[in-house]
Every structure is written in C-alpha cells, then in structure tokens.
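Working notes, structure below.
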Number of protein chains: 2
Amino acid sequence: MTMDHHEFKDKILTAAAKNQVIVFSCNCIVWYSGKAESYLGPGDRLVVIKADKTILVHQPSGAAPINYMKAGTTVNVNLSDEGEMFLNCSNIPLKDYLDMKINHVHFLESYGLEDGQSIQIAGTEDDMSQMLYENPHLIEEGFKPVSREEQTKYGYIDVMGTDNEGKLVIVECKKYNADLSAVTQLRRYVEKIMASKGLKRDAVRGILASPKIGANAQQMLEDWGFEFVSVRPPKYLERYDKNQKSLADF
Amino acid sequence: MTMDHHEFKDKILTAAAKNQVIVFSCNCIVWYSGKAESYLGPGDRLVVIKADKTILVHQPSGAAPINYMKAGTTVNVNLSDEGEMFLNCSNIPLKDYLDMKINHVHFLESYGLEDGQSIQIAGTEDDMSQMLYENPHLIEEGFKPVSREEQTKYGYIDVMGTDNEGKLVIVECKKYNADLSAVTQLRRYVEKIMASKGLKRDAVRGILASPKIGANAQQMLEDWGFEFVSVRPPKYLERYDKNQKSLADF
DNA sequence: ATATAGATCTCGTCA
DNA sequence: TGACGAGGTCTATAT
C-alpha cells in the first residue's frame, strides 16, 4: 500500500471526527512531555487511536504501550514544507503532549466499533474475601466474621471478626504471594483499629491469609506478632472443555 | 472488506509464522482462564498479535487491554462444522488460555515491524533521588548524602545520609503525592536500619520528600515521628517548541 | 526463578 | 475531585 501524507492526514482526521477506532503501522520517532519526558528513536510501531481519543504507541514486542495519551486527547496531523509529517497530540487539561514524526506508513485502518459489554471476572481478591467470610473455618475454628470489605475510617479491611475468645481478628487476604507491603498493610489496619477503639496491641490479632508468603515477609509478620494462614484462592469455574459445554455457566 | 473464515485463518497463521505484527477488528466473545477467569460478551474489539506472540484485546475505549496474553503464546484458528470461527490462544507454561469466538471481521492487517530502540525517560523517581543526592540542601542545610539507591539487605533506600548533628537520615522520595503506603515504606526502612545497626528510634530520622502529601499520610507520618519535606520533582527538559529547536537536546 | 519497587501505572469505588 | 486499594497489573533490576 502506498499512502501519501495528504491521504494519511485526511483519513486520520475524518475517522477521528467520526470517533472511529484507528490503527496504523509506521516508522516513526516519538516524543512525550507531561508527567515525565521521553524520547524514542526511529523504529516501526503500531499506533492506536481509540474512540475516546486514548492513544497507544506499541513496539513490536511487549504487553505495555511504550507511549500513550489518556482519553480526551486532541489529535492533529501537520505537514512541513520540507515534506515531513507529524502526528501532534495534546491533552491540555493534563498538560500532556505526544508528538510523532512519521517517516513511513505501512498500513492504516479505521472502523466504528460498538461495544457496550463489561467484563465479568471470577477469582479476584474480592471473591477470596467472600470465600473466607462464608467459610470462616478456613481461617480457624471458632472464627466469627463480622464484616467484610469494611471501607470506613478504619480502612478497607478485607474481613474482620472475632476468635473463640472474643478477641478482635483482622484478616488481610492476598490472592497470590503475600509480600512485605501486604504485611505493612495489615499492620496499618491493626493499628488503626487499636487507635480508634482504644485497644492494646494484644487485644487485636492480625492474620494474613494467602496461598504463600515470602521469607522476608514471614519474618516481618512474626516480628510484629501477626499470623499467617495458608489459604488457596477460590476455585474458579471449571475450564470449559473443547466442546464448550460449560460456556453457558458464565 | 469481506473476508471468509478460511482467508482469515490463512492470513493469521501465515503472518504469525513470520512473526509479523497482526491487528484486526472484529465482533467477538472472549473467554479467559488462568490466574483468574473472565467472560466478555459480544461486542466490537481490536485485537493485536505482536511479534513475540503477546496478544492484546482492546475495547473501543480505555487505555488498558480488556484481555491479554503474555509473550510466547501459541495462536490457532479453528473452524467448526457449524461455520463458527474461534481464535484459540494458549500459554501452557503459564497455564493461561484465551479463546475468542469471532463473529465478524471488520479488517485485518499485518506487517513485519522492526524496532531496536529503547525509550529514554526523564523525570522518574530515580531522577528525583539523584537530584536530592546532588543537591542535599533541598532536604535541609547540613544534610550529607552517603548512599543512593541502596538495594542491600536494608532495603531499597532512595537516599541515606547524615544531618548536621551526625544523625542518620533516611529519605524516601515520591514523584507525586505521598500516600499511606509511602509512609509505611519509609517506616519499614527506618526499622530495618535500626534493627541492623542496633540503633534506637531517636537515632534515626525518616524524611519523606515529595511535592505533596495527603492528610492521612501526614498524620501517620507525624504519629511516627517522621518528617515531610516538600520537594518538586526534577525539572524536565524544556518542552520543545513548535520549531523543534530543542529536539536535538535528547 | 524469586524478590522488590516504580509506573506518564490503569481502573473501580467511595466519601 | 481526591483518596485508597486491587491488578490476570507490567517492567526493570538485583540476588
């Protein structure tokens, strides 16, 4: 495909005005200025301009965009007298600027995409805290949950309850590996509760519930008198088989 | 553009075999199973298959992909007897599976992208800690930095030094707003140093250096006897003007 | 491989 | 709008 600069400019501006999703591949140089500044030398990239004017610049490898602009960006194409082409993007409220010198366009497509669907996810930390709330014996025998996802001034405590001696128990759960920040997070909640209820340290138990915990995190947990309970994340829906038998389970 | 299933399958597999970057727009349903499970009902999406077999599924809005697969994924296209088409992606080592029922393809392009460039970024937290190391008066008069980015057993301490009384000072810097986790992070470092050097609490000062700090974080900081120093993130390169005069500065 | 922390994090949620 | 925390975070770096 050959595409001259004027054709590129026309296609971009027309599609952008219609809030189409635009994608093109090109050889380019990229400058960004805003919360940080960056420069990316010449190379081939894939550029996406979304319906909400989110802009993504992707290299041929890697999951994350190498450069991007948030939704609400203004897009312009400018041609210089010397025959150079620039894609100039600005988001004034955010003080973000992204500029590309486009040396060569490999292809360009645009289309009006319609999608009102929201994703449904199972197996999150929220599912895990719900599992613990509904199956308190997974923490220990005698544990009585009182609240879940308590997002008050005490903090966003996953599960709170009492043990068989009536002592307050605060549970922080992690889906995967519990690390140092998980321990400090638990500690922060315990201290908030202590302060707000005027309790002493030995009147509150802190429990970190996760599949596993790192050695350093374990040490810090013990140093602070907290406990670790090994809990597997909730069993997800069965992987649907090749006949899609269980697709309807969603 | 009209494209039948066999043509789609052929184009995908051919381009994937050549490690081209593939992008197509389609109406589809998406299932994911791996670290979690998800379902996304029918809608229009943009799908990218990169040279390293990273796969991204994007909705028309938003910066983040709604589904993705990490590099090294195996891609297949399967046609059912009933005329249905599926893009089946699997990453066996990661136990990740992504499957799409593709109802209609709006467009498809692929191209062999070459890009050996690495991005250059200014204005990161690392730049900020370097600025403080080289301009210690920004912390306070008499501050003498000793180490930077100390990633030893003591932790990843941004800047460490001594004040004009010879007391140990630990600085944690944040580019933007310092929040509760920044305070607990600082606290963790101070405690590690205290423990490793056998120092008492009043022998170590902890300073949080950032442009601003939240009210709750400020309170926690004071509760723990730490200090806040207002520091602006490093001045970036001047925004290049419209004549690209300063582009060569990179 | 694991551990640790930053990120122009993004995204959702709630006061 | 800001604050707070989760994320299939991703990515880079060090051990």
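Below, chains carry the letters A, B, ... as their sequence lines are ordered, and counting in each starts from 1.
Contact detail for Gly123(B) and Ala36(A): the closest heavy-atom pair is O-CB, 4.3 Å.
Taking the C1' atom of each, dA14(D) and dT8(C) are spaced 25 Å apart, rounded to whole Å. Between dA5(C) and dG7(D), the two C1' atoms lie 15 Å apart (nearest whole Å). When the C1' atom is compared between dC10(D) and dA6(D), the two are found 14 Å apart, to the nearest whole Å.
At the phosphate of dG6(C), OP1 or OP2 sits under 4.0 Å from a side-chain N or O atom of Gln185(B). An OP1 or OP2 oxygen of dG2(D) is reached within less than 4.0 angstrom by no side-chain nitrogen or oxygen of Asn177(B). Between dG5(D) and Arg188(A), a contact under 4.0 Å exists linking OP1 or OP2 to a side-chain N or O. Applying the 4.0 Å criterion to OP1 and OP2 of dG8(D), one finds that Asn67(B) has every side-chain N and O outside that range.
Applying the 3.5 Å distance criterion, the base of dG8(D) shares a donor-acceptor pair with the side chain of Asp96(B). Residue-to-nucleotide contacts include a donor-acceptor pair under 3.5 Å from the side chain of Tyr32(B) to the base of dG8(D).
In the region residues 214-228 of chain B, proximity to DNA chain C at under 4.0 angstrom, judged on heavy atoms, holds for none of the residues.
Every residue two or more places apart in sequence or in another chain that forms a side chain to side chain donor-acceptor pair (under 3.5 Å) with Thr54(A) is listed here: Asp52(A). Looking at residues two or more places apart in sequence or on another chain, you find no side-chain contact (heavy atoms from CB on, under 4.5 Å) involving Ala64(B). For Asp126(A), the salt bridge (Lys or Arg N to Asp or Glu O under 4.0 Å) partners two or more places apart in sequence, or in a different chain, are Arg148(A). Taking Glu125(B) as the reference, Lys174(B) meet the salt bridge (Lys or Arg N to Asp or Glu O under 4.0 Å) condition, with sequence neighbours excluded. With sequence neighbours excluded, no residue forms a salt bridge (Lys or Arg N to Asp or Glu O under 4.0 Å) with Glu222(B).
Along DNA chain C, the nucleotide nearest to Met69(A) and the one nearest to Ser181(A) differ in position, and the one closer to the 5' end is contacted by Ser181(A). With the nearest nucleotide of DNA chain C identified for both Asp158(B) and Ile213(A), Ile213(A) has the one nearer the 5' end.
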Result block: side-chain N/O donor-acceptor pairs under 3.5 angstrom for residues 40-51 of chain B, not counting sequence neighbours:
unit_1: Asp44(B); atom_1: OD1; unit_2: Asn27(B); atom_2: ND2; d: 3.1
unit_1: Asp44(B); atom_1: OD2; unit_2: Glu114(A); atom_2: N; d: 2.8
unit_1: Arg45(B); atom_1: NE; unit_2: Asp115(A); atom_2: OD2; d: 2.8
unit_1: Arg45(B); atom_1: NH1; unit_2: Cys28(B); atom_2: O; d: 2.7
unit_1: Arg45(B); atom_1: NH1; unit_2: Gly41(B); atom_2: O; d: 2.8
unit_1: Arg45(B); atom_1: NH2; unit_2: Asp115(A); atom_2: OD1; d: 2.8
unit_1: Arg45(B); atom_1: NH2; unit_2: Asp115(A); atom_2: OD2; d: 3.2
unit_1: Arg45(B); atom_1: NH2; unit_2: Gly41(B); atom_2: O; d: 2.8
unit_1: Lys50(B); atom_1: NZ; unit_2: His58(A); atom_2: ND1; d: 2.8
unit_1: Lys50(B); atom_1: NZ; unit_2: Gln59(A); atom_2: O; d: 2.8
unit_1: Lys50(B); atom_1: NZ; unit_2: Gly62(A); atom_2: O; d: 2.7

Could you list the donor-acceptor pairs under 3.5 angstrom formed by side chains in residues 70-77 of chain A, with sequence neighbours left out?
unit_1: Thr73(A); atom_1: OG1; unit_2: Lys70(A); atom_2: O; d: 2.8

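Tyr133(B) and Asp158(B) share no donor-acceptor pair across their side chains, judged by distance under 3.5 Å alone.
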Between the protein and nucleotides 9-12 of chain D, list every N/O to N/O distance that falls short of 3.5 Å.
unit_1: dT9(D); atom_1: OP1; unit_2: Lys35(B); atom_2: NZ; d: 3.0
unit_1: dT9(D); atom_1: O3'; unit_2: Tyr68(B); atom_2: OH; d: 2.9
unit_1: dC10(D); atom_1: OP1; unit_2: Tyr68(B); atom_2: OH; d: 2.6
unit_1: dC10(D); atom_1: OP2; unit_2: Lys70(B); atom_2: NZ; d: 3.2
unit_1: dT11(D); atom_1: OP1; unit_2: Ala63(A); atom_2: N; d: 2.7
unit_1: dT11(D); atom_1: OP1; unit_2: Ala64(A); atom_2: N; d: 2.8

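Lys174(B) comes within contact range of the sugar-phosphate backbone alone, with a heavy-atom separation under 4.0 Å but no base atom that close.
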